[in-house]
Amino acid sequence: MNQPIIDEFRTNGGVVGGPFEGAPLLLMTTAGARTGRPHTTPAAYVNDGGRLLVFATNAGSARHPQWFHNLVADPQVTIEIGERVLAARAEVLTGSERDAAYEAQAARDPAFRAYEAATGRVIPVVALHPLKLDPARLAALGVQLKRHHAALREELVRLREDPEARRDLMSHCLAFCSHLRLHHVREDGAFTAIENEFPDLAPVVARLRAEHRVIAKALTEVEATGDVDGLLEELDAHFAYEEEHLLVTSAGPPSASA
């Protein structure tokens with residue numbers, strides 16, 4: 001149901017028609033609470049200082065939307081606003097802070113008052129805090145990046161070499177592809193923070209984003225054929241370049257010249 005809105009949003013730089021026309025809208029990608037697969041949902045939002053507020057109305061349904069359960073399980077989210085992709089951390093507001101935020105939104109848009117009246121639950125309000133980086137946090141991000149790469153490499157090698165994995169290759173490939181897609185979605189958001197704080201790394205980020213698009217096509221082929229050999233070569237080169245240029249150590253600041 002949401003896919004046409006998502007496609008229109010991405011095609012038109014965040015501008016959509018229909019019921020969302022003129023409303024501030026973002027796309028939010030969360031990791032599935034049960035599957036770990038990336039799930040993207042359009043959501044109305046409000047700027048609130050340095051954070052963004054979203055509201056788990058589910059159109060007044062008796063149940064919280066699935067995206068809310070996802071971000072409670074894993075608060076790391078990726079958001080798209082216009083043509084920008086941002087990494088963010090989700091925080092569920094509580095008490096008087098939640099109440100004031102929802103009341104202000106209902107005053108701005110009467111539909112939110114109707115959603116509240118239609119359900120017996122307290123509609124959650126979630127603050128999204130965009131990622132901000134300094135050299136120390138970029139260093140920590142680099143360590144995390146390397147750890148994720150090692151896990152993905154190990155999983156892909158197992159797909160290629162483990163007889164048991166090869167007997168159920170397609171099932172294992174689909175799980176791996178979901179993990180890698182989520183990893184790249186989150187990286188795309190983090191790249192924006194890197195560009196903002198470390199402009200010298202912009203050429204590196206541009207290359208990595210382009211490689212993400214190439215790998216996305218390779219993943220589609222893996223899902224269709226189960227052949228992982230070409231993808232393994234692509235990823236080895238991609239991971240090596242990314243680690244070399246984005247991994248920060250105590251030796252000095254990041255550099256795009258290496």
Side-chain angles (χ1 to χ4, degrees), residues 1-2 5-6 9 14 16 19-82 84-134 136-138 140-141 144 182-183 185-190 192-193 196-197:
M1 182 177 63
N2 285 327
I5 300 170
I6 294 168
F9 184 104
V16 300
F20 288 107
E21 184 173 4
L25 189 72
L26 58 75
L27 300 183
M28 177 170 50
T29 299
T30 59
R34 292 187 300 274
T35 66
R37 295 175 182 172
H39 291 273
T40 301
T41 308
Y45 75 94
V46 174
N47 275 302
D48 186 53
R51 63 187 188 175
L52 307 171
L53 302 182
V54 292
F55 307 85
T57 64
N58 208 11
S61 169
R63 297 182 178 180
H64 294 326
Q66 186 57 47
W67 62 258
F68 178 74
H69 297 292
N70 291 348
L71 63 78
V72 168
D74 183 348
Q76 186 176 354
V77 302
T78 302
I79 54 180
E80 299 170 53
I81 301 177
R84 294 185 301 150
V85 183
L86 306 171
R89 174 182 56 82
E91 174 197 9
V92 180
L93 302 187
T94 59
S96 60
E97 184 181 21
R98 175 265 163 209
D99 295 344
Y102 196 90
E103 177 60 30
Q105 178 65 2
R108 282 187 292 265
D109 186 343
F112 285 78
R113 189 81 68 200
Y115 297 148
E116 190 174 42
T119 183
R121 63 188 173 89
V122 175
I123 294 174
V125 179
V126 179
L128 304 175
H129 301 269
L131 175 66
K132 295 183 179 180
L133 291 175
D134 56 26
R137 293 195 70 182
L138 183 58
L141 181 65
Q144 183 183 39
L182 179 63
H183 174 68
V185 164
R186 288 177 167 177
E187 281 192 340
D188 284 339
T192 302
N196 289 341
E197 299 299 328

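None of the values given here were measured: they were computed from a predicted structure.
With contacts defined as side-chain heavy-atom distances shorter than 4.5 Å, the pair W67/V126 qualifies. By the 4.5 Å heavy-atom criterion applied to side chains, L52 and M28 are not counted as neighbours. At a threshold of 4.5 Å between non-hydrogen side-chain atoms, the residues L138 and E197 do not count as touching. Residues R98 and I123 meet the side-chain proximity criterion, which asks for heavy atoms closer than 4.5 Å. Between L53 and L93 there is a side-chain heavy-atom pair separated by less than 4.5 Å. Inter-residue side-chain proximity for H39 and Q66 is flagged as unmet; no heavy-atom pair is nearer than 4.5 Å. For the pair F55/V46, a side-chain contact is recorded, criterion being any heavy-atom separation below 4.5 Å from C-beta on. A 4.5 Å side-chain heavy-atom check between D188 and T78 finds every atom pair outside the cut-off.
Of the possible polar contacts, one joining the R121 side chain to the T57 backbone as a donor-acceptor pair under 3.5 Å is found. A donor-acceptor pair under 3.5 Å links the side-chain atoms of T119 to the main chain of S61, judged by distance alone. Under the 3.5 Å distance criterion, the side-chain polar atoms of R137 are matched with a main-chain donor or acceptor of K132. Counting only distance, with no hydrogens or angles, the side chain of Y115 and the backbone of A106 share no donor-acceptor pair below 3.5 Å. T192 places a side-chain N or O within donor-acceptor distance of the main-chain N or O of V85, the cut-off being under 3.5 Å.
Salt bridge status for R108 with E103: absent, with no side-chain N to carboxylate O gap under 4.0 Å.
Contact detail for A31 and L182: the closest heavy-atom pair is CB-CD2, 3.6 Å. Heavy atoms only, all atoms of each residue included: A33 and A73 are closest at CB-CB, 3.9 Å. Heavy atoms only, all atoms of each residue included: L128 and A90 are closest at CD2-CB, 3.9 Å. Across every non-hydrogen atom of A107 and R113, the tightest pair is N-NH2, 4.1 Å. Summarising the geometry of V54 relative to Y45, their closest heavy-atom pair is CG1-CB, 3.9 Å, with the distance given to 0.1 Å. Between F9 and G82, the closest heavy-atom pair is CE2-O, 3.6 Å.
Atom CG in L86 sits 5.0 Å away from atom CD1 in I79 (nearest 0.5 Å). Rounding to the nearest 0.5 Å gives a distance of 8.5 Å between OG1 of T30 and CZ of R186. Taken to the nearest 0.5 Å, the CG atom of D48 stands 10.5 Å off from the CD atom of Q105.
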Before giving the answer on side chain to side chain contact (heavy atoms under 4.5 Å, CB included), spell out for T41 and N2 the whole-Å C-alpha distance, their side-chain angles and the decisive distance to 0.1 Å.
CA-CA 7 Å; T41 308; N2 285 327; 4.0 Å; yes
V72 and V92: CA distance, side-chain angles, deciding distance, side chain to side chain contact (heavy atoms under 4.5 Å, CB included) verdict:
CA-CA 8 Å; V72 168; V92 180; 4.2 Å; yes
Run the side chain to side chain contact (heavy atoms under 4.5 Å, CB included) test on L25 and I5 for me, step by step, so that the C-alpha distance in whole Å, both residues' side-chain angles and the decisive distance to 0.1 Å come before the verdict.
CA-CA 10 Å; L25 189 72; I5 300 170; 4.2 Å; yes
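In this structure, H69 and H64 have tilted ring planes: the angle between them lies in the 30° to 60° band.
Crowding of R63 atom CZ: a count of heavy atoms from other residues, nucleotides or ligands under 6.0 Å not exceeding 12. Other residues, nucleotides and ligands contribute only 12 or fewer heavy atoms inside 6.0 Å of the CZ atom of R37.
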